[in-house]
Amino acid sequence: QKAGKQLCRFPLVTVRGVPLMCHIADNFEHIWAFTPDPSDLLIATYPKAGTTWTQEIVDLLLNNGDAEACMRAPTPVRSPFLEIFSPKPIPSGLDLLKKMTPPRMIKTHLPFQLVPLGFWENKCKTIYVARNAKDNLVSYYHFDRMNQTQPEPGPWDSYIHKFMQGDVGWGSWYDHVKSYWAEREKRNILYLFYEDMKENPRREVERIMRYLGLSLSDEVISQIVELTSFKSMKENPMSNYSCVPKLVFDDSISPFMRKGEVGDWRNHFTPEQSKMFDKDYKEKMKDVDIPFRDLI
Ligand code: A3P
């Protein structure tokens, strides 16, 4: 059992400078060749930035707030993960997508330059969600502890350095948020922030609604805000990832729906770690002005 568990922690292999889970790297040419339909929607994020939350909001918007319709299947079935490849018999994202008819709601963690070109050629709508670096790091640390397919995070202090060096799945947070930021206007990408969603979920749900070209009633919007609260989603078996076996997501270590808060980094970083992180952050982010909040 123990050996089996360890076997599952797949190493990272670099694709065009970006470390990815080895099964993704091995199949990257198939992922790169994927051609979406122009009606497909892409939800892109760095891991742990609020992907699942956004997927749920979008699904409810597309289904006019119908809770039952959105409980038809777990999140990764309703909204396949483009690049995921796991050992058989687990279906890959591409296998799931093949069986669905567009419009499809597609999730990716790939940085902009690794997203198949067809998404841009076909002008697919794209929602990007970014989360402040320190909270994103904390969330990723706990996820890497519980997700038995990702490399061991190791001790907290060394994980901070791994994150800063981009030595984690899907690579550098800094490069990731910058890659979509640089393209957002040219590609009509809706660039959202987790902190904005927490501050005023209704405002952000309405923003997504307008981007999707929808106009739902105030009542339906309120319903969607309620159904996508952290509490509702944590209790919803179709959105809380309880569908994933414990051998893969060991929620006795840390639950997938962990805290859902802004500023939890303050419970993790020592003042010294925070200072060191801030100095490096300033240097890495000096060429852009992305309005991240709650970092200091
Ligand atoms: P925490 O680990 O900080 O709790 P992703 O879906 O990209 O993997 O992101 C997961 C993070 O988003 C987790 O953060 C999770 O708790 C949080 N999250 C999920 N649903 C949420 C919601 N409805 N409201 C706020 N945060 C949510």
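Scope of the values below: all heavy atoms of this structure, side chains included, with no hydrogens, waters or symmetry mates. Atoms within a ligand are numbered from 1 in the order they appear, just like the ligands themselves.
- Of the polar atoms of Thr52, at least one N or O is found under 3.5 Å from an N or O of ligand 1, judged by distance alone.
- Here the heavy atom of the protein found nearest to atom 7 (O) of ligand 1 is Thr51 OG1, 2.4 Å.
- Applying ring pair (Phe, Tyr, Trp, His ring centres under 6.0 Å) to Phe143 and the options Phe163, Tyr241, Tyr159, Phe249 leaves one that passes, Phe249.
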> Can you check side-chain hydrogen bond (donor to acceptor under 3.5 Å, both in side chains) on Trp156 and Gln273, steps first, answer last?
Replying inline: CA-CA 10 Å; Trp156 163 248; Gln273 287 167 342; 3.2 Å; yes
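- Neither the backbone nor the side chain of Val138 has a heavy atom within less than 4.0 Å of ligand 1.
- For the atom pair Lys259 NZ and Ser254 OG, the distance stands at 10.0 Å (nearest 0.5 Å).
- Every N/O-N/O distance between Met257 and ligand 1 stays at or above 3.5 Å.
- The shortest N or O to N or O distance between Tyr46 and ligand 1 is not below 3.5 Å.
- With hydrogens left out, the protein atom closest to atom 26 (N) of ligand 1 is Tyr194 OH, 2.8 Å, a heavy atom.
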> For Phe112 and Trp120, what are the C-alpha separation, side-chain angles and deciding distance, and is it a ring-ring contact (aromatic ring centres under 6.0 Å, His included)?
Replying inline: CA-CA 10 Å; Phe112 183 86; Trp120 317 122; 4.6 Å; yes
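- Taking the ring pair (Phe, Tyr, Trp, His ring centres under 6.0 Å) definition, one finds that His142 meets it with His268, sequence neighbours left out.
- Annotation: cation-pi geometry not satisfied between Lys282 and Tyr174 (NZ/CZ under 6.0 angstrom from ring centroid, within 45° of ring axis).
- Contact analysis puts Thr228 in contact with ligand 1, with a non-hydrogen atom separation below 4.0 angstrom.
- Residue-ligand proximity, Met233 to ligand 1, at heavy-atom distances under 4.0 Å covers atoms 20 (N), 23 (N).
- Screening residues 60-86 for ring pair (Phe, Tyr, Trp, His ring centres under 6.0 Å), with sequence neighbours left out, gives Phe81-His109, Phe81-Trp170.
- Taking CE from Met105 and OG1 from Thr75, the interatomic distance works out to 8.0 Å, rounded to the nearest 0.5 Å.
- For Tyr46 (side chain) and Pro111 (main-chain N/O), no donor-acceptor pair under 3.5 Å exists by modelled atom type.
- Annotation: atom 15 (C) of ligand 1 to nearest protein heavy atom, Phe256 O, 4.0 Å.
- Listed by number with element, the atoms of ligand 1 under 4.0 Å from a non-hydrogen atom of Ala49 are 7 (O), 9 (O).
- Distance from atom 14 (O) of ligand 1 to its nearest protein heavy atom, with residue and atom name: Arg131 NH1, 3.1 Å.
- Residue His109 places no N or O, backbone or side chain, under 3.5 Å from any N or O of ligand 1.
- By the 3.5 Å distance cut-off applied to N or O atoms, Lys198 is not counted among the residues near ligand 1.
- Counting protein heavy atoms only, atom 1 (P) of ligand 1 is closest to Ser139 OG, 3.4 Å.
- Looking only at distances, no side-chain donor or acceptor of Lys107 sits under 3.5 Å from a matching main-chain atom of Pro76.
- Relative to the ring axis of Phe269, Lys134 places its NZ or CZ within 45° and under 6.0 Å from the centre.
- Looking only at heavy atoms of the protein, atom 8 (O) of ligand 1 is closest to Lys48 NZ, 2.9 Å.
- Shown in contact with Ser229 at under 4.0 Å from a heavy atom are these atoms of ligand 1, numbered in order with element: 23 (N).
- Backbone and side-chain nitrogen or oxygen atoms of Pro47 are examined, and none is located within less than 3.5 angstrom of a nitrogen or oxygen of ligand 1.
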